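Worksheet: the structure to be examined is printed underneath.
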Number of protein chains: 2
Amino acid sequence: MNSNFNIENFYYNFSCNCNKAQKKTFSKGQIITTYIQKRNQLCILLKGNADLVRYDLNGNRTIVEHFSKNALFGEVFYKVTTNNELLVEAKSKCTVLFYIYDQLKEPCTHGCEFHNTLAEHLPELILDKITELNTRIELLTQRTTRDKLLMYFSLISTRKLSKTFELPLSLTDLADYLSVDRSAMMRELKLLKEDKMVDKIGNRIILLYE
Amino acid sequence: MNSNFNIENFYYNFSCNCNKAQKKTFSKGQIITTYIQKRNQLCILLKGNADLVRYDLNGNRTIVEHFSKNALFGEVFYKVTTNNELLVEAKSKCTVLFYIYDQLKEPCTHGCEFHNTLAEHLPELILDKITELNTRIELLTQRTTRDKLLMYFSLISTRKLSKTFELPLSLTDLADYLSVDRSAMMRELKLLKEDKMVDKIGNRIILLYE
DNA sequence: CATAATATGTAGCTTATGCAACAGAAAAAA
DNA sequence: TTTTTTCTGTTGCATAAGCTACATATTATG
């Protein structure tokens, strides 16, 4: 999170008595939402982990984004332009808040504080999203699988402030996130271990360089 | 452009008497700006074409974004997180308007209409940027050079409403934009011609499928 | 205009990556 | 618990894509 505003601080205060928000719970594997044109949904992941997944015509699966607690998603942040399917899948038990953007940005007639504070901070939250997207682009423009892995590890390491961390994604999902073949990625991971660049115990990564 | 607001409509009215904006002209090849942390510049390309270019530690050059008339850019849309150099290079004679985001978002004390209208429409403009970035991500997640080319052509074709169009980038730049090797891209382009998928006369592309 | 600089187009060789297939480990479901 | 499913780890093979080099075309520049 780059902005000063943090949803978490008042997630516990969440008592929305306005009818603009809908709160739902999903179990692992369920589809939280499918992106459709002209709806402009804005969702907040209050609890759990989820993936925005795209299936293209060649059958390739791409993890477009990985969401953890307090992440924002929905059509507001991804205008549907192509005819590929875009699904948000729950990776664990999830609690999600649903808004419609056009309603959210108007002041709440019920004086709902959560609603109003969220609307007020929307511009910064959207700018944070832009930063995330640019980071993702930087990751995807890495030319080799090795460079993609190293940059990905470096990003997580910086975020966690530690050279040791658990992968937030399974290796299968990581391959789909980096847009590379899984077995090729596994091979590269082995080479990175042989070159003493990283160590790996289960899903725990240890960066050895620098 | 997805939003209803279009800068072009009042670009001609531009007569900013507030001291918040700076207007400058650049000739081809000049550096318009270098992205630096914590400045939050917002720039509008009033005239010309420019590229946001990144040079990484391996010497790879990536065209992160290509800007044409009325495009918005600057640190507002790209928080500098890594230590790669980010430059905006003029590809032709350019006229650029510079703002600092924090000043822009406040109402103009000089009653400058351009300033105020721009500030008012900023949220939509930023959401448009998000759409662009997502499109770019979709492009970069294409697994093969062929698929990248076909998707890129398809995007331009949709934008121009025509199966025939001039490439907005040179082929050398296109390779850096798609994050592939230029010679490999040329080879694939030749194969696409042989397969009667596209035709190509100079920098003019003709889509033959469907 | 001449000359320099940059872009395009092509080829040979090498390597990285995708694909298919499978075995064992781990996790989920019955 | 047992069974089923999903994930991890690995290999051989085929091929896409990177790298180098160079010739020609096109575009800038003095």
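Naming: A, B, ... by sequence-line order, numbering from 1 per chain. Everything quoted here is computed from the prediction, not taken from an experiment. Atoms considered below: every heavy atom in the structure, side chains included; atoms not considered: hydrogens, waters and symmetry mates.
OP1 and OP2 of dT8(D) both lie 4.0 Å or more from every side-chain N or O belonging to Lys190(A).
Going from atom CZ of Arg61(B) over to atom P of dT6(C) covers 12 Å, rounded to whole Å. Taking atom NZ of Lys193(A) as the reference point, atom P of dG9(D) lies 7 Å away to the nearest angstrom. Atom CG in Leu189(A) sits about 13 Å away from atom P in dT17(C), given to the nearest Å. Taking atom NZ of residue Lys28(A) and atom C1' of nucleotide dA29(C), one finds them 11 Å apart after rounding to whole Å. Here the C1' atom of nucleotide dA17(D) and the CG atom of Leu191(B) are 12 Å apart, to the nearest Å. Between the P atom of dT17(C) and the CD atom of Gln142(A) lies a distance of 12 Å, rounded to the nearest Å. In this structure, NZ of Lys93(A) is placed 17 Å from C1' of dA28(C), rounded to the nearest angstrom. Atom CE in Met185(B) sits about 15 Å away from atom P in dC19(D), given to the nearest Å.
Checking dG9(C), dG9(D), dC19(D) against every side-chain atom of Met186(B), the shortest atom distance belongs to dG9(C). Distances were taken from every side-chain heavy atom of Val180(A) (C-beta onward) to each of dG9(C), dT8(D), dG18(C); the shortest belongs to dG18(C). Looking at the side chain of Ser170(B), the nearest of the listed nucleotides dT8(C), dT8(D), dT17(C) is dT8(C).
Neither side chain, Asp128(B) nor Thr131(B), offers a donor N or O lying under 3.5 Å from an acceptor on the other. Side-chain atoms of Arg187(A) and Thr145(A) form no donor-acceptor pair, as typed in the model, at a separation below 3.5 Å. Counted by atom type alone, Glu138(B) and Thr135(B) present zero donor-acceptor pairs between their side chains at under 3.5 Å.
Residue contacts shown for Asn203(A) are limited to sugar-phosphate atoms, with no base heavy atom under 4.0 Å away. The residue Lys200(B) sits close only to the backbone: its heavy atoms come under 4.0 Å of sugar-phosphate atoms, none of a base. Asp173(A) comes within 4.0 angstrom of nothing in the nucleic acid, heavy atoms only. Nucleic acid contact for Thr144(A): sugar-phosphate only, since backbone atoms but no base atoms lie under 4.0 Å from a heavy atom of the residue.
The base of dA16(D) does not come close enough to the side chain of Thr145(B) for any donor and acceptor atom to sit less than 3.5 Å apart. Judged by atom type and distance alone, Arg182(A) does not reach the base of dG18(C) through any side-chain donor-acceptor pair under 3.5 Å. Under 3.5 Å, the side chain of Arg146(A) and the base of dA16(C) form no donor-acceptor pair of N or O atoms.
Between Phe26(A) and Phe98(A), the ring-plane angle classifies as perpendicular under the 30° and 60° cut-offs. Aromatic ring pairs are classed by plane angle as parallel below 30°, tilted from 30° to 60° and perpendicular above 60°; the pair Phe114(B) and Tyr99(B) is parallel.
Toward the 5′ end of DNA chain C lies the nearest nucleotide of Thr172(B), the other residue of the pair Arg143(A) and Thr172(B) mapping further downstream. Both Lys91(B) and Arg187(B) lie near DNA chain C, and the one whose nearest nucleotide falls closer to the 5' end is Lys91(B).
No more than 12 heavy atoms of other residues, nucleotides or ligands shown are found within 6.0 angstrom of CZ on Arg159(B).
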